[in-house]
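Please read the structure below before turning to the comments.
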Amino acid sequence: MKRAFFTEDQELFREVAAEFVRREVAPHYRRWDEDHLIPRSVWTAAGEQGLVGLAVPEEHGGAGLDDYRFRVVLDEELAKAGALGLALAFHLHDDLVLPALLTHGTEEQKARWLPAMASGELVTSCAWTEPGAGSDLRGVRTRAVPDGDGGWRLSGQKTFIGNGISGDAALVFARTDGSTGRGGEDSFSLFLVEKGEGYTTGKQLDKMGLRASDTAELFFDDVAVPASNLIGELGAGLRYVREGVPQARLAIAAAAAVVVRQSYEETVTYTADRSVFDGRVLDLPTTRFTLADLLTEVEVTEGYVDRAVLAFNDGTLSPAEAARVKLWASERATSITDRCLQLHGGYGYILEYPIAQAFLAARLLTIFGGTSEIMKRTIGRDIAGSRVDGSRAGTGKEDA
Ligand SMILES: Cc1cc2nc3c(=O)[nH]c(=O)nc-3n(C[C@H](O)[C@H](O)[C@H](O)COP(=O)(O)OP(=O)(O)OC[C@H]3O[C@@H](n4cnc5c(N)ncnc54)[C@H](O)[C@@H]3O)c2cc1C
């Protein structure tokens with residue numbers, strides 16, 4: 001079926017993205033994967049081509065590309081080169097940090113940070129998760145207390161933070177009402193915290209896949225945070241995280257759709273090239289049956305994600321809808337890449353083969369940005385129309 005999804009402008013953007021990937025990414029990606037680090041020069045090269053900070057408005061030095069299809073095009077081009085770790089690094093910057101600044105940043109904050117986010121000179125991370133609080137953000141213990149001079153002192157620990165080592169600043173979800181235990185609706189705030197005294201990164205976490213994207217613990221030891229780094233209103237952090245949930249989930253669903261398409265195409269090519277028992281693997285009836293299932297699932301996933309992207313563009317994608325599409329696409333991604341890997345035989349298990357990398361990358365998608373169980377919880381609540389105490393009583397990730 002023809003996929004009439006992208007506009008002419010987006011196809012032109014694809015040429016720019018493809019050229020960037022060909023020149024700046026593909027020849028080096030393997031080394032970045034081994035180093036567990038993407039060089040900062042890649043960010044500025046991407047910035048020069050208008051490939052990061054896509055939604056930054058023109059008045060702040062960006063291209064103002066807020067149609068989500070541009071992000072999908074970029075993901076597709078990165079996936080063709082197997083550069084899924086770079087796609088993840090860009091995702092954190094563009095889908096999690098940037099929307100919060102665009103929606104809740106003051107004019108002064110936008111003027112200060114957005115031009116550098118679009119040029120790739122300021123690389124950001126999103127620091128919500130802690131060793132003791134992932135699915136349930138109300139358990140976050142990192143706290144900011146007033147310094148008596150209008151600013152804040154931040155203390156605590158975060159974990160699993162992508163771009164944590166390579167980045168310059170983190171969007172930190174912290175408790176600001178002095179409460180203990182599970183926080184309340186107004187207990188948390190968001191701060192953009194720039195690296196400086198007391199802000200240190202822990203060791204690089206040794207991930208199964210997506211190794212080029214650095215992931216680390218962050219430590220905040222009485223870090224001075226100016227009042228001007230508070231994002232939006234004091235006590236509105238949980239609300240802002242919820243508002244960002246549709247884009248965060250959509251982004252993961254879109255990445256999943258891209259990974260399954262790429263994995264399927266690579267598997268058809270591989271099985272057509274590989275001979276067994278005097279024929280091609282592709283000609284075995286069992287292979288064809290598997291590929292028939294795979295192609296059908298890939299097309300259904302793409303179609304579902306495309307609809308969600310258009311709904312997001314219209315501003316109508318609800319958190320529960322985004323949860324459903326993330327649940328479907330990420331679960332398909334683990335299952336499809338697994339079956340594609342099987343059709344590669346032993347080579348599928350060798351890391352230099354793209355399918356091995358895709359399989360490892362896909363495994364994150366049912367966990368990161370809210371697990372499948374949390375997606376089902378959100379969807380179930382939406383179906384039941386229930387609210388625990390008459391308000392939206394859950395946490396940011398579980399109950400948007
Ligand atoms: C590679 C990687 C990169 C990441 N990047 C970032 C990042 O950049 N920034 C960031 O802030 N975070 C990041 N994360 C964190 C990620 O979002 C969390 O790991 C995820 O939300 C799950 O939280 P948790 O690990 O604490 O699991 P837990 O919350 O401890 O969950 C453990 C298990 O319990 C289940 N569970 C929990 N609550 C319920 C419930 N109510 N009902 C049913 N089952 C439940 C979960 O589904 C899971 O199976 C990253 C994680 C990884 C692995």
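Whatever order the structure lists them in is the order used to number ligands and atoms, beginning at 1.
Under 4.0 Å from ligand 1, not a single heavy atom of L210 appears.
Looking at R153 and D147, no side-chain N of the basic residue comes within less than 4.0 Å of a carboxylate O on the acidic one, giving no salt bridge. Between K376 and E331, no side-chain nitrogen of the basic residue sits less than 4.0 Å from a carboxylate oxygen of the acidic one, so the salt-bridge criterion is not met. Comment: R14 engages E76 in a salt bridge, judged by a side-chain N to carboxylate O separation of less than 4.0 angstrom.
Ligand 1 has an N or O atom lying under 3.5 Å from an N or O atom of T129, backbone or side chain. Taking any N or O of G162, backbone or side chain, at least one lies under 3.5 Å from an N or O belonging to ligand 1.
The aromatic ring centroids of H344 and F359 lie 6.0 Å or more from each other.
In this structure, the side chain of D94 engages the main chain of L54 through a donor-acceptor pair within 3.5 Å.
Using a non-hydrogen distance threshold of 4.0 Å, C126 registers as a contact of ligand 1.
Within the model, atoms CZ of R377 and CZ of R381 stand 4.0 Å from one another, a figure rounded to the nearest 0.5 Å.
The residue among L364, L96, I367, D136 with a heavy atom at the shortest distance from atom 53 (C) of ligand 1 is L364. The option with the heavy atom closest to atom 41 (N) of ligand 1, from among R377, K207, R363, M208, is R377. Nearest to atom 48 (C) of ligand 1 by heavy atom, out of L171, I374, V97, T371, is T371. In this structure, of F160, F173, W128, the residue bringing a heavy atom nearest to atom 7 (C) of ligand 1 is F160.
Residue contact check: G134 has heavy atoms under 4.0 Å from atoms 23 (O), 24 (P), 26 (O) of ligand 1. Proximity to G369 (heavy-atom distance under 4.0 Å) selects the following atoms of ligand 1: 17 (O).
Applying the side-chain hydrogen bond (donor to acceptor under 3.5 Å, both in side chains) test between R211 and each of H36, Q357, Q204 identifies H36 as the sole match.
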